[in-house]
Amino acid sequence: MAHYIIDHPLVQHKLSIMRNKDTSTIKFRELLQEISMLMGYEITRDLPLTYEDITTPLMPMRAPMIAGKKVVVVPILRAGMGMVDGLTKLIPSARIGHIGLYRDEETCKPVFYYYKMPACRERLVILTDPMLATGGSACDAIDRLKKDGFKHIKLMCLVASPQGVEAVQQQHPDVDIYLASIDDGLNDKNYILPGLGDAGDRIFGTK
Ligand code: PRP
Ligand code: URA
């Protein structure tokens with residue numbers, strides 16, 4: 001379908017601080033949460049509304065409310081976890097699923113190790129992962145969700161390579177992608193350039 005770049009100055013400024021190799025783990029995590037909230041505002045723009053009767057201190061009115069409990073936030077472990085809190089601050093009723101995937105260091109192909117989703121297949125899935133490099137992990141995660149019956153999926157990443165965006169759009173044209181940046185490309189180890197390094201390690205302080 002489409003990809004959307006969230007080019008709001010606040011998002012771009014915070015992303016630049018995250019890219020800096022001297023930014024601490026604490027700051028990196030904090031900024032990712034803030035950006036996720038800002039991106040969440042855009043990604044939820046088309047959530048359906050319903051109207052409920054309420055009474056203000058002055059008079060009754062028909063007031064717009066989000067229609068039902070509509071969202072499942074699904075991080076791709078580990079790095080996708082860093083985007084969950086920002087989204088659930090915006091959508092407290094969201095359920096949370098988990099997909100465990102890591103990229104094999106030699107082949108760069110994704111390896112599955114965990115899958116747990118709430119039952120409600122009709123909900124919108126917001127799949128989170130800060131990095132969309134070759135696109136292998138995101139494509140496999142979406143495959144798995146679709147095989148399990150989820151139909152309405154949006155992918156939220158921070159930084160992508162052009163190849164990653166292309167791969168998801170080819171294999172899953174029905175999935176909209178939300179991004180803060182499409183970078184220049186990939187290095188010989190399939191890391192995004194200029195990118196921000198290994199997102200999981202920077203969020204969890206594992207290197
Ligand atoms: C990173 C990242 C994505 C994947 C992107 O995860 O968070 O899941 O690589 O690469 P791809 O588009 O080429 O598949 P990683 O395998 O480092 O695992 P981690 O989050 O547990 O550190
Ligand atoms: N995974 C990351 O964390 N960073 C990259 O640049 C590519 C894959």
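As the structure lists them, so they are numbered: ligands from 1, and atoms in each ligand from 1.
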Looking only at protein heavy atoms, which one is nearest to [atom], and how far off is it?
atom	value
atom 5 (C) of ligand 2	Y191 CD2, 3.4 Å
atom 14 (O) of ligand 1	S137 OG, 2.6 Å
atom 17 (O) of ligand 1	D198 OD2, 4.0 Å
atom 22 (O) of ligand 1	R78 NH2, 2.9 Å

Test log, rule salt bridge (Lys or Arg N to Asp or Glu O under 4.0 Å), inputs D148 and R121: CA-CA 8 Å; D148 197 20; R121 299 293 182 272; 3.2 Å; yes
Quick one: closest heavy-atom pair of R123 and V71, and the distance?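 Closest approach of R123 to V71, heavy atoms only: NH1-O, 2.9 Å.
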Heteroatom proximity flag, A133 to ligand 1, N/O under 3.5 Å: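 It does: an N or O of A133 is found under 3.5 Å from an N or O of ligand 1.
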Within-cut-off N or O pair, R103 and ligand 1, under 3.5 Å: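 In this structure, R103 places an N or O atom under 3.5 Å from an N or O of ligand 1.
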Under a 4.0 Å heavy-atom limit, does T134 contact ligand 1 with its side chain, its backbone, both, or neither?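 Looking at T134 and ligand 1, atoms from backbone and side chain both fall under 4.0 Å.
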Please say whether more than 12 non-hydrogen atoms of neighbouring residues, nucleotides or ligands are located less than 6.0 Å from CD1 in I26.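 Result for CD1/I26: open.
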Give the numbers and elements of all ligand 1 atoms closer than 4.0 Å to a heavy atom of A79.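 Taking each heavy atom of A79 in turn, ligand 1 has 7 (O), 20 (O) under 4.0 Å.
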Can you name the atoms of ligand 1, numbered from 1 with element, that are less than 4.0 Å from a heavy atom of G135?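 By the 4.0 Å cutoff, the relevant atoms are 11 (P), 12 (O), 13 (O).
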Pairs of nitrogen or oxygen atoms closer than 3.5 Å, one from I192 and one from ligand 2: do any exist?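 Looking only at distances, the answer is yes, because the N/O contact criterion of under 3.5 Å is met.
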How does N190 reach ligand 2, by side chain, by backbone, by both or by neither, if only non-hydrogen atoms under 4.0 Å count?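 Just the backbone.
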Can you tell me if D129 has a non-hydrogen atom under 4.0 Å from ligand 1?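 Under 4.0 Å: yes for D129.
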Between [Y] and [X], is there a side-chain donor-acceptor contact under 3.5 Å, judged purely by atom types and distance?
X	Y	result
T107	D104	yes
D174	H152	no
R202	T23	no

Taking 4.0 angstrom as the limit and counting only heavy atoms of M131, give me the atoms of ligand 2 inside it, by number and element.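 That gives atoms 2 (C), 3 (O), 4 (N), 5 (C), 6 (O) of ligand 2.
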Could you list the atoms of ligand 2 found under 4.0 angstrom from a heavy atom of A199?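 In order of numbering, the contacting atoms are 2 (C), 3 (O).
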Establish, for the pair R103 and Y113, whether the NZ or CZ atom is under 6.0 angstrom from the six-membered ring centre and no further than 45 degrees off its axis.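 Not flagged: R103 not positioned over aromatic ring of Y113.
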Just grab all the salt bridge (Lys or Arg N to Asp or Glu O under 4.0 Å) pairs involving residues 183-197, residues at least two apart or on different chains.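 Found R19-D183.
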Go through the steps for N190 and T134 under the test side chain to side chain donor-acceptor pair (under 3.5 Å), then give the verdict. CA-CA 7 Å; N190 286 325; T134 64; 5.8 Å; no
Flag: protein heavy atom within less than 4.0 Å of atom 4 (C) of ligand 1: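 Neighbour list for atom 4 (C) of ligand 1 includes protein heavy atoms (cut-off 4.0 Å).
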Contact with ligand 2 for R202, non-hydrogen, under 4.0 angstrom: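 Judged by the 4.0 Å heavy-atom criterion, R202 does not count as contacting ligand 2.
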Non-hydrogen atom of G197 closer than 4.0 Å to ligand 2: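 Yes.
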Below 4.0 angstrom, N of the basic side chain to O of the carboxylate: do R29 and D85 qualify?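 No salt bridge links R29 with D85.
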Just verifying a value: how many Å separate I17 CD1 and L15 CG, rounded to the nearest 0.5 Å?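 It comes to 9.5 Å.
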